[in-house]
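This report refers to the structure that appears directly beneath it.
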Amino acid sequence: MAVWLMKSEPDEFSINDLKHRQRENWDGVRNFQARNFMRDMRIGDTVLFYHSSCKVPAIVGLAQVSKEAHPDPSCWNPESSYYDPKSTPEAPRWDQIEVTFASILKKPLTLTLLKSIPELAGFPLITKGSRLSVMPVEENYWQVIKDKLGDI
DNA sequence: GCCAACGTTGGC
DNA sequence: GCCAACGTTGGC
């Protein structure tokens, strides 16, 4: 079973929003690398929910993949901020997955903390300039992070 | 196929 | 709000 990390701006969609809704389509991903990672996701995979572009960037909760990749209709909607005229229903370019809420961490794992852990050097989230919004969490990194999750 | 220009991400 | 880093676009 794989583990992934997904970024969301809490002003747009936070872990609390996910808790209230329980399930949510993860749409709007408009980066090929991130999309390809989503295509590798399988039902039941663990997702680390990360708050980005906010006061305290951090892993704030856990979720599970509950639907595998399928076309993201927001790219066909001219009203949507995710609209992409290059994607058509005949030739879908972008995919979404669905995640289901699992838990909110009692203590978020802040980016500052994660950066201070030597074993996490090389983890894409903390390498300089990395802007990937969806990334795999390799087994060795997952073991380290899991240790820091505490009581969930 | 190169690369400059541009837009976006996201930490600070 | 700034700006470094990166991805994408489009002219050539």
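We use all heavy atoms of the structure for the numbers below, so side chains are in, but hydrogens, waters and symmetry mates are not. Proteins get letters first, then strands, A, B, ... in listed order; numbering begins at 1 in each.
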- Query: By a strict heavy-atom criterion of less than 4.0 Å, which residues belonging to residues 113-125 of chain A are in contact with DNA chain B?
  - Reply: A/Lys115
Ignoring hydrogens and angles, write down the donor-acceptor pairs under 3.5 Å from the side chains of residues 109-117 of chain A, residues two or more places apart or on other chains.
unit_1   : atom_1 : unit_2   : atom_2 : d
A/Thr110 : OG1    : A/Leu113 : N      : 3.0
A/Ser116 : OG     : A/Leu113 : O      : 2.6

- Task: Return the set of residues passing side chain to side chain donor-acceptor pair (under 3.5 Å) with A/Asp27 (not counting sequence neighbours), or none when no residue passes.
- Result: none
Please output the side-chain donor-acceptor pairs of residues 132-141 of chain A that fall under 3.5 Å, not counting sequence neighbours, one pair per line with the distance.
unit_1   : atom_1 : unit_2   : atom_2 : d
A/Glu139 : OE2    : A/Gln143 : NE2    : 2.4
A/Tyr141 : OH     : A/Ala121 : O      : 3.4

- Message: With a strict under 4.0 Å distance from non-hydrogen atoms of chain A, what nucleotide opens and what nucleotide closes the contacted stretch of DNA chain B, reading 5' to 3'?
- Response: B/dG7 to B/dC12
- Item | Contact list for residues 50-93 of chain A, test ring pair (Phe, Tyr, Trp, His ring centres under 6.0 Å), sequence neighbours left out | A/Phe49-A/His51
- Task: Name all residues meeting the side chain to side chain donor-acceptor pair (under 3.5 Å) criterion together with A/Asp84; count only those two or more places apart in sequence or in a different chain, and write none if there are none.
- Result: A/Trp94
Could you list the donor-acceptor pairs under 3.5 angstrom formed by side chains in residues 53-66 of chain A, with sequence neighbours left out?
unit_1  : atom_1 : unit_2   : atom_2 : d
A/Ser66 : OG     : A/Glu98  : O      : 3.2
A/Ser66 : OG     : A/Glu98  : OE1    : 2.6
A/Ser66 : OG     : A/Thr100 : OG1    : 2.8

Donor-acceptor list for residues 34-48 of chain A side chains, cut-off 3.5 Å, not counting sequence neighbours:
unit_1  : atom_1 : unit_2  : atom_2 : d
A/Arg35 : NH1    : A/Arg93 : O      : 2.8
A/Asn36 : ND2    : A/Phe32 : O      : 3.3
A/Arg39 : NE     : A/Asp95 : OD2    : 2.9
A/Arg42 : NH1    : A/Arg39 : O      : 3.1
A/Asp45 : OD1    : A/Ala2  : N      : 3.2
A/Asp45 : OD2    : A/Trp4  : NE1    : 2.9
A/Asp45 : OD2    : A/Arg42 : N      : 3.0

